[in-house]
K.L.:
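Can you keep this structure in mind? I'll have questions shortly.
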Amino acid sequence: DQQVKQNSPSLSVQEGRISILNCDYTNSMFDYFLWYKKYPAEGPTFLISISSIKDKNEDGRFTVFLNKSAKHLSLHIVPSQPGDSAVYFCAARSAVVGYALNFGKGTSLLVTP
Amino acid sequence: EAQVTQNPRYLITVTGKKLTVTCSQNMNHEYMSWYRQDPGLGLRQIYYSMNVEVTDKGDVPEGYKVSRKEKRNFPLILESPSPNQTSLYFCASSLHTPRQSTNEKLFFGSGTQLSVL
C-alpha cells in the first residue's frame, strides 16, 4: 500500500518558469519529508527536506511547502533550468513507526529551453 | 570523498545462477539499506540493517538475502535469481536509522542494473 503518492508521472516546464511537483501521503505518523533528485545512471541525491513542525523550507531556487491538514507537500523550483530535468522522488519517515524512508513513485521533470 | 560504492554497475545473468551485489560506504554509517527501482513503482526497500549483525526485511524481501558482518559492507545476495528480479538496485546508507533523528538523509550509490534472463 503506497503511503507516499506522486500522482503525476511526468511534468514539462519551460525554462525560466516555475515547476511545481506534488506529493500526497496517507500516514499521519510521518513527521519528516524529503525530496530526492535522480539523474539517469546515477543514484538519487538529497535535495531538500522539511519537518512537520514547519510549513515551508527554502534553499535557493527550491522551496518545499507542507500542508499537514491536507497531507500534501509540494516542491517549487523557480526559475526552472534545463539542468533541473530529472526524476524527483518524494519521501517520508515516521519518528515512531518503521525504519525506512517511504518513497513515492517519482515525477519525471523536463525543463525545455 | 564520502561515498557509497556499489559493484557491479551492470550485470546480466541467467535464471538460477547465484550472484552478489556488493555495497560499501566510507562514512562510518550505522544504517544501510537496499532498494530496487522499477518503472511505475518507484523505490521499494528490500532489506535494511541498523548496525553490524542487525538486519531486517523491507517491503519486498522475497528472493533476497543480506549480511552485515562489517559496518562498511552490506552485500545483496540473490541465491537463485529469477526474471522478475530484473531491476535497478540501489544501496543507501545514513548515519542513523531514519527514525532516530531529524535531518537524517540517505546517501545512495550509483546503482546496479541487473538483468536476469
Side-chain angles (χ1 to χ4, degrees), chain A residues 1-10 21-27 29-54 57 59 64 66 86-108, chain B residues 2-10 21 23 25 27 30-51 54-61 68 88-113:
Chain A
D1 183 30
Q2 197 88 19
Q3 298 185 76
V4 177
K5 300 178 183 180
Q6 294 177 258
N7 293 319
S8 298
S10 62
L21 292 86
N22 293 305
C23 177
D24 297 292
Y25 61 96
T26 58
N27 190 338
M29 305 291 278
F30 287 152
D31 65 342
Y32 186 59
F33 305 89
L34 308 90
W35 285 92
Y36 280 80
K37 177 178 180 179
K38 183 186 177 304
Y39 291 119
E42 295 183 13
T45 55
F46 170 76
L47 183 60
I48 192 169
S49 62
I50 187 166
S51 165
S52 60
I53 62 173
K54 295 185 175 182
N57 188 29
D59 184 2
V64 56
L66 175 62
V87 177
Y88 291 79
F89 290 100
C90 175
R93 80 97 204 251
S94 164
V96 295
V97 176
Y99 290 96
L101 276 183
N102 297 273
F103 284 87
K105 295 181 181 180
T107 296
S108 179
Chain B
Q3 59 186 1
V4 178
T5 303
Q6 291 178 234
N7 281 297
R9 287 295 303 271
Y10 303 94
V21 184
C23 174
Q25 50 90 7
M27 296 169 279
E30 291 183 352
Y31 181 84
M32 297 186 74
S33 181
W34 277 101
Y35 287 85
R36 60 179 287 176
Q37 183 189 2
D38 300 290
L41 295 175
L43 288 162
R44 296 180 295 167
Q45 191 183 48
I46 303 170
Y47 266 94
Y48 65 90
S49 169
M50 290 191 284
N51 215 323
V54 181
T55 63
D56 208 346
K57 297 176 180 178
D59 296 322
V60 288
R68 188 93 181 273
L88 179 57
Y89 291 86
F90 290 102
C91 180
S93 73
S94 60
L95 186 59
H96 302 297
T97 73
R99 185 198 286 194
Q100 284 178 285
S101 64
T102 57
N103 303 317
E104 200 63 59
K105 302 171 190 58
L106 275 179
F107 293 83
F108 283 84
S110 299
T112 296
Q113 180 64 59

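By convention in this document, chain letters (A, B, ...) are assigned in the order of the sequence lines, proteins followed by strands, and residues within each chain are numbered from 1. Note that the structure is a prediction, hence the values are computed from the model and not measured.
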K.L.:
Look up atom CG in A:Leu101 and atom OG in B:Ser33, then write down how far apart they are to the nearest 0.5 Å.
P.N.:
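Reported value, rounded in 0.5 Å steps: 8.5 Å.
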K.L.:
In Å and rounded to the nearest 0.5 Å, what is the CZ to CZ distance from A:Phe46 to B:Phe107?
P.N.:
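It is 9.0 Å, given to the nearest 0.5 Å.
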K.L.:
Please list all pairs meeting salt bridge (charged side-chain N to carboxylate O under 4.0 Å, His left out) that have one or both residues in residues 33-43 of chain B, counting only residues at least two apart or in different chains.
P.N.:
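Of all non-adjacent pairs touching residues 33-43 of chain B, those that pass salt bridge (charged side-chain N to carboxylate O under 4.0 Å, His left out) are B:Arg36-B:Asp38, B:Asp38-B:Arg44.
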K.L.:
How close do A:Phe89 and B:Gln37 get, heavy atom to heavy atom, and via which atoms?
P.N.:
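Closest pair (atom of A:Phe89, atom of B:Gln37, distance): CZ-NE2, 3.5 Å.
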K.L.:
Please look at A:Ala91 and chain B and tell me whether the side chain, the backbone, both or neither of the residue comes under 4.5 angstrom of a heavy atom of that chain.
P.N.:
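Neither part.
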K.L.:
For a 4.5 angstrom cut-off between non-hydrogen side-chain atoms, does B:Leu106 reach A:Tyr36?
P.N.:
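Counting from C-beta outward, B:Leu106 and A:Tyr36 do come under 4.5 Å.
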K.L.:
Not counting sequence neighbours, which residues clear side chain to side chain contact (heavy atoms under 4.5 Å, CB included) with A:Asp59? List them please.
P.N.:
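Per chain and number, A:Asp59 pairs via side chain to side chain contact (heavy atoms under 4.5 Å, CB included) with A:Ile48.
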K.L.:
Count the heavy-atom pairs under 4.5 Å between each of A:Gln2, A:Gln6, A:Lys38 and chain B, then report the option with the highest count.
P.N.:
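Of the candidates given, the most pairs with chain B belong to A:Lys38.
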K.L.:
Between B:Tyr35 and A:Phe103 (side chain of the first, backbone of the second, donor and acceptor by atom type, cut-off under 3.5 Å), is there such a pair?
P.N.:
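No, because the side chain of B:Tyr35 does not come within donor-acceptor range (under 3.5 Å) of the backbone of A:Phe103.
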K.L.:
Between A:Pro44 and chain B, with a heavy-atom cut-off of 4.5 Å, which part of the residue counts as in contact: side chain, backbone, both or neither?
P.N.:
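Both parts, heavy atoms under 4.5 Å.
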